[in-house]
Every structure is written in C-alpha cells, then in structure tokens.
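Order of the sequence lines fixes the chain letters, A, B, ..., with proteins taken first and strands second; residue numbering starts at 1 for each chain.
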There are 2 protein chains.
Amino acid sequence: MVLLVLPVRRMFPAMRVKIAGLDPHQQYYIAMDIVPVDNKRYRYVYHSSKWMVAGNADSPVPPRVYIHPDSLASGDTWMRQVVSFDKLKLTNNELDDQGHIILHSMHKYQPRVHIIRKDFSSELSPNKPVPSGNGVKTFSFPETVFTTVTAYQNQQITRLKIDRNPFAKGFRDSGRNRTGLEAIMETYAFWRPPVRTLTFEDFTNMQKQQVHFIYIVPNLESRLKTLYN
Amino acid sequence: MVLLVLPVRRMFPAMRVKIAGLDPHQQYYIAMDIVPVDNKRYRYVYHSSKWMVAGNADSPVPPRVYIHPDSLASGDTWMRQVVSFDKLKLTNNELDDQGHIILHSMHKYQPRVHIIRKDFSSELSPNKPVPSGNGVKTFSFPETVFTTVTAYQNQQITRLKIDRNPFAKGFRDSGRNRTGLEAIMETYAFWRPPVRTLTFEDFTNMQKQQVHFIYIVPNLESRLKTLYN
DNA sequence: GGTTTCCCACCTAGGTGATAACTT
DNA sequence: AAGTTATCACCTAGGTGGGAAACC
C-alpha cells in the first residue's frame, strides 16, 4: 500500500482584493491563476542579495485555476467583502491530482485575478485555462510578482513571513514583533501603497465604471513543497 | 464591546445517507431540517431509564434548514458518495443568527432529508421552511428520533458518544474501546440494520426507481449548548 | 432540586520554518 | 556545492464531555 503525503504549501502573504463596478444582481465566479513572467530560471546571489538569471525556464506545467470558494456569488456579495485567496495552495509536483497550482521552483511568477460572468462559465474548471472573451476580465499587479523557492534564500523574507503568518508564531522573536517589520517593508522598493485603482469597461453592459482593487500584502518568495509517493 | 460566544454543538452521531435513483445529469440541493415529533416536553426518569412526558412543548422556534455544503451538485455526484450531515450544528438559542438549527431542550425531534431539484430551489434559504411540491422529495426514518438535552441523562449515551466521536478521545476508557460499544448498541431495541430501502416515483420524469438510504448511525440524545452575550 | 451555563483539559486537523538527511 | 525532501516542535482553529458555578 502506498500512502500519498502531500507537502503542499499555501501562498503567503495571500492576495487580497476589493472589487467595485460589478452588476450587483449578476452572478460571478472569481478565480486566480499564476503565470510565468519570463522564460528564465533564477538563482539567488547572496553577496548582492539579488535574483540573477541562471539559464532557461523548465518545461511548462499543467495549467491550474484556483476557483475562489465563495463562488458562485452575486456582484453585490463580492463587492461587500475583501476577497482573499489565502487558501490557495502551491506545489512543485507536476503529477499533483488535487487541483493545486503547480509551479517550478526558482522561477518568477505573476498571479492573476479573473472575474467570470456566470453565463460565460461553462468552460470553467480547475484543470483548464481560464476562458477568455467578453464575459471574463483579467487583472494583474506588477508588485505581486514573486519567486518560488523550496528553502528561503533571503532572511528578510523569512522574518516577514514569521512576523505576519499566525501559523509561524512559534518562531517569533518576541522582542521586536512590530517595529522590525516596518523596517523590512521599507527595504522592498517595490512595495506600494495598498490601494490601486483601475478603470475598465464594465462587462455588464452598463456605462464605464471604476474598479478598485485593494492589494494589501505583496508576495515576495513563495515556498513550495512537493508531493511524492 | 460585547463579544458573542457561540456554544453551539454538532449533531452526533451524524445522519449519513446513500442515495440512488436520481437523474445523473440533473442538479440538486440536499438539505436537512429537524421537526418536532409531538407537542410534549420530556423528563428522564432514572429508576426506569426512560423518557416520560412532563408537560406540553415550548412555543415553536424559528425554522432553520441546513443546506448540505456540497450543494449544488449533480445527481451523479450525490449518488457516488455517502452524504454526511456531520457539520450540522444545533443550538437552543432562539436568537441565533448564524443559521444554526434551533431546538428546545428536553423535546423529541425527527431529522428529515430533502432532495430539491435545482429548478425548484428559488425559495431555498437557511431561514425559511423547505418548499414543497413536485421538485422536492422528503424522507425521514423513525429510528433517527432523538431527545435534546443540555447535560447527558443516560450514562450509556455518554459512553457511546465518547467511544465513537474522535473529538472525545480524551475521555476514552482505554480498556474496552470496542467490545463495550457492542453491548451498548444491543441495549437499544430501536437500533436497526444499517440499510434502508425506500421506493418513490422519481421526480426527474423517468420511470419508477428504487432509492436507497443507508442510515448508518442512529441519533439518541443530542446535546445542545447555548449562545449568550 | 433539576437544569443550564461557563470554563477547562484534552483531543482532531492542519499550517509554520528549522534542520538533518538525501539527491544530483 | 546546491537544491530538495522528510520530519519535527510549535503554532492556529475548533470539537469533546466533565464538573463547578449559576440559574430558576
């Protein structure tokens, strides 16, 4: 008998967005996928504290889509809350059959948020690419690009994760819980104020509207674990 | 500031049913509600180990429906699995606003399983009675009648719950884990073999079919906790 | 005196980074 | 040498009945 162990990890910090401009009475799915940023493989260079190109990317992995568990819901419901993707799980096992998002280690990725009108969702599946067309709108934010690792390369990332993730409380250095974090965030030049505003033509056939996404915490490195048998 | 504490308890043992005879391609909700068996209030008489009538029932409580979390799903999906209601929660707080099922202590109740065709579900809500009509079929089993309590009256019930509920493992008497249980089950004359078969006219406009419900564990006493502020 | 509330130790279930062992 | 895997102590989160206290 073979027992499958599933060392899969959540993405942390999680993407959190606030949405406006939907038709309150229309039904929508909201989904996330994660796409490669380029065709490169990266290596962390300690003395310069930077990720450097180190060859070409590995071959593509099966496409996976995380369908937000509150789906299906009305525009009204989606807009009332901050939509959090904290239960999204990553793995580097290309044979994963649990619907988790599969990524290569040491590559750069970009999460995308998809808003999918119900009547356009017949093709929606965790194992197929998100359909495109009139009933689907896709958003991504440059500041959410992250690099995958199996062991943390940068001690500041580790510190940030320990300070922010409730499940890592056991590793907290009870001396400087909050103040240390501020300094770390300042270190990251790509950190941005938490509110982003995008405009797009509302796909409910109403007039143009503003859509606000509040992106609260950026992703920096995201640790993978593997599934094996 | 007022913090609400929610001493609500799961129903245990949970109802578990196996369903056949649905249209595999049709979409269904499955739901449970719990209805009074009579208009009496009961008291446990120790020397005879029996529940005896002790006055009339309390005034009715707000109707609540537990919609199975796998809803909405196809007939095919429902029929492939044992459908378990183990996350259904009970409370005796009539002001509960979390959608839990509200019951009076020391009353007799009967759980009912409802199978609701999707196109008939517009009225379905946790706070409204289950609609009736052609697209809804309701089932109940006499052996699942139970009595509500806030503290267990019968030591054999306590024993059975401790032995069967994983969350009560800390109270187990590691001497007679299994054999003691058998004796307890024999004590209950209303215990039945685990498979029940009912026939009904399939409401998907197909020919008559058999519907099998496997009711696996009977409910005996179900402990309530209250919500307060 | 019977019933209910409140708090507790003790569980299940599962999400952390550290670290030693393993792989390439 | 560098990257990955397996295991671990330590958390969060939440479901148990016991039993003292409170209620009525």
Side-chain angles (χ1 to χ4, degrees), chain A residues 3-14 41-46 54-55 58 86-93 100 104-107 147-155 157-174 221-229, chain B residues 3 5-14 41-46 52 54-55 58 86-93 100 104-107 147-155 157-174 221-229:
Chain A
L3 268 187
L4 285 183
V5 183
L6 298 164
V8 172
R9 298 268 170 159
R10 287 189 181 175
M11 184 167 78
F12 188 90
R41 156 185 278 274
Y42 288 84
R43 167 188 305 277
Y44 192 75
V45 182
Y46 291 91
D58 295 341
D86 58 328
K87 293 198 173 59
L88 181 152
K89 289 183 177 176
L90 306 177
T91 183
N92 62 349
N93 185 314
H100 302 131
H104 286 129
S105 186
M106 311 184 75
H107 288 58
T147 310
T148 49
V149 294
T150 57
Y152 293 129
Q153 306 297 314
N154 182 333
Q155 181 56 35
I157 299 291
T158 309
R159 192 80 249 147
L160 184 149
K161 293 213 170 192
I162 288 173
D163 286 344
R164 304 283 282 213
N165 193 326
F167 294 105
K169 204 179 205 174
F171 299 101
R172 276 186 203 159
D173 191 6
S174 54
E221 287 178 10
S222 219
R223 182 169 175 174
L224 304 170
K225 287 283 189 173
T226 61
L227 168 68
Y228 67 99
N229 59 7
Chain B
L3 269 187
V5 183
L6 298 165
V8 172
R9 299 269 169 160
R10 286 188 181 176
M11 185 166 77
F12 188 89
R41 155 186 280 272
Y42 289 82
R43 167 188 305 275
Y44 193 74
V45 181
Y46 291 89
M52 309 289 276
D58 296 341
D86 58 327
K87 294 197 174 59
L88 182 153
K89 289 183 176 175
L90 307 176
T91 182
N92 62 349
N93 185 315
H100 301 130
H104 286 129
S105 185
M106 311 186 75
H107 287 59
T147 310
T148 49
V149 294
T150 57
Y152 293 129
Q153 307 296 314
N154 181 334
Q155 181 56 36
I157 299 291
T158 309
R159 191 82 249 147
L160 185 150
K161 293 212 170 193
I162 288 173
D163 286 343
R164 304 284 280 212
N165 192 327
F167 294 106
K169 203 178 206 174
F171 300 102
R172 275 185 204 160
D173 192 5
S174 53
E221 288 179 8
S222 219
R223 181 168 173 175
L224 305 169
K225 286 282 190 173
T226 60
L227 167 67
Y228 64 101
N229 59 8

- Item | Reported CE-to-OG1 distance for the pair B:Met11 and B:Thr148, which is rounded to 0.5 angstrom | 12.5 Å
- Message: With a cut-off of less than 4.0 Å, is there a side-chain N or O of A:Asn92 near OP1 or OP2 of D:dG3?
- Response: no
- Atom CZ of A:Arg172 and atom C1' of C:dG17: how far apart are they, to the nearest Å? 12 Å
- Residue mapping more 5' on DNA chain C - nearest nucleotide basis, B:Lys169 or A:Ile162: B:Lys169
- Expressed in angstrom and rounded to an integer, what is the separation of B:Asp86 atom CG from D:dT16 atom P? 9 Å
- Aromatic ring proximity A:Tyr44/A:Tyr42, centre distance under 6.0 Å: no
- Taking CZ from A:Arg164 and P from C:dG17, how many angstroms apart are they, rounded to a whole number? 14 Å
- Query: With respect to the phosphate group of C:dT4, does any side-chain polar atom (N or O) of B:Ser105 fall under 4.0 Å of OP1 or OP2?
  - Reply: yes
- Item | Candidate nucleotides D:dT12, C:dT3, D:dG3, ranked by approach to the side chain of A:Arg43 - the nearest | D:dG3
- Side-chain donor/acceptor contact of A:Arg9 with base of C:dG17 under 3.5 Å: yes
- Task: To the nearest 0.5 Å, tell me how far B:Arg159 CZ sits from B:Asn154 CG.
- Result: 12.5 Å
- Nearest 0.5 Å, what's the CG-NE2 distance between A:Asn92 and A:His100? 13.0 Å
- Give the rounded distance in Å between these two atoms: NE2 of A:His100 and P of C:dG14. 11 Å
- Note on the structure: Ranking B:Lys89 and A:Tyr46 by the position along DNA chain D of their nearest nucleotide, the one closer to 5' is A:Tyr46
- Query: Sub-3.5 Å donor-acceptor pair from the side chain of A:Gln153 to the main-chain atoms of A:Ala151, do we have one?
  - Reply: yes
- Query: Start at the 5' end of DNA chain C and walk down; is the nucleotide closest to B:Arg41 or to A:Ala168 reached first?
  - Reply: B:Arg41
- Interatomic distance, A:Lys161 NZ vs D:dT12 C1' [rounded to whole Å]: 17 Å
- In whole angstrom, give the distance that lies between atom CZ of B:Phe171 and atom C1' of C:dC8. 9 Å
- Query: Looking at the side chain of B:Tyr152, which of C:dT5, D:dG3, D:dG18 is the nearest nucleotide?
  - Reply: D:dG18
- Could you state the CG-P distance from B:Asn165 to D:dG18, rounded to the nearest angstrom? 12 Å
- Between D:dG17, D:dC11, C:dG17, which nucleotide has the shortest distance from any of its atoms to the side chain of B:Thr158? D:dG17
- B:His104 atom NE2 is separated from C:dT3 atom P, nearest whole Å, by 16 Å
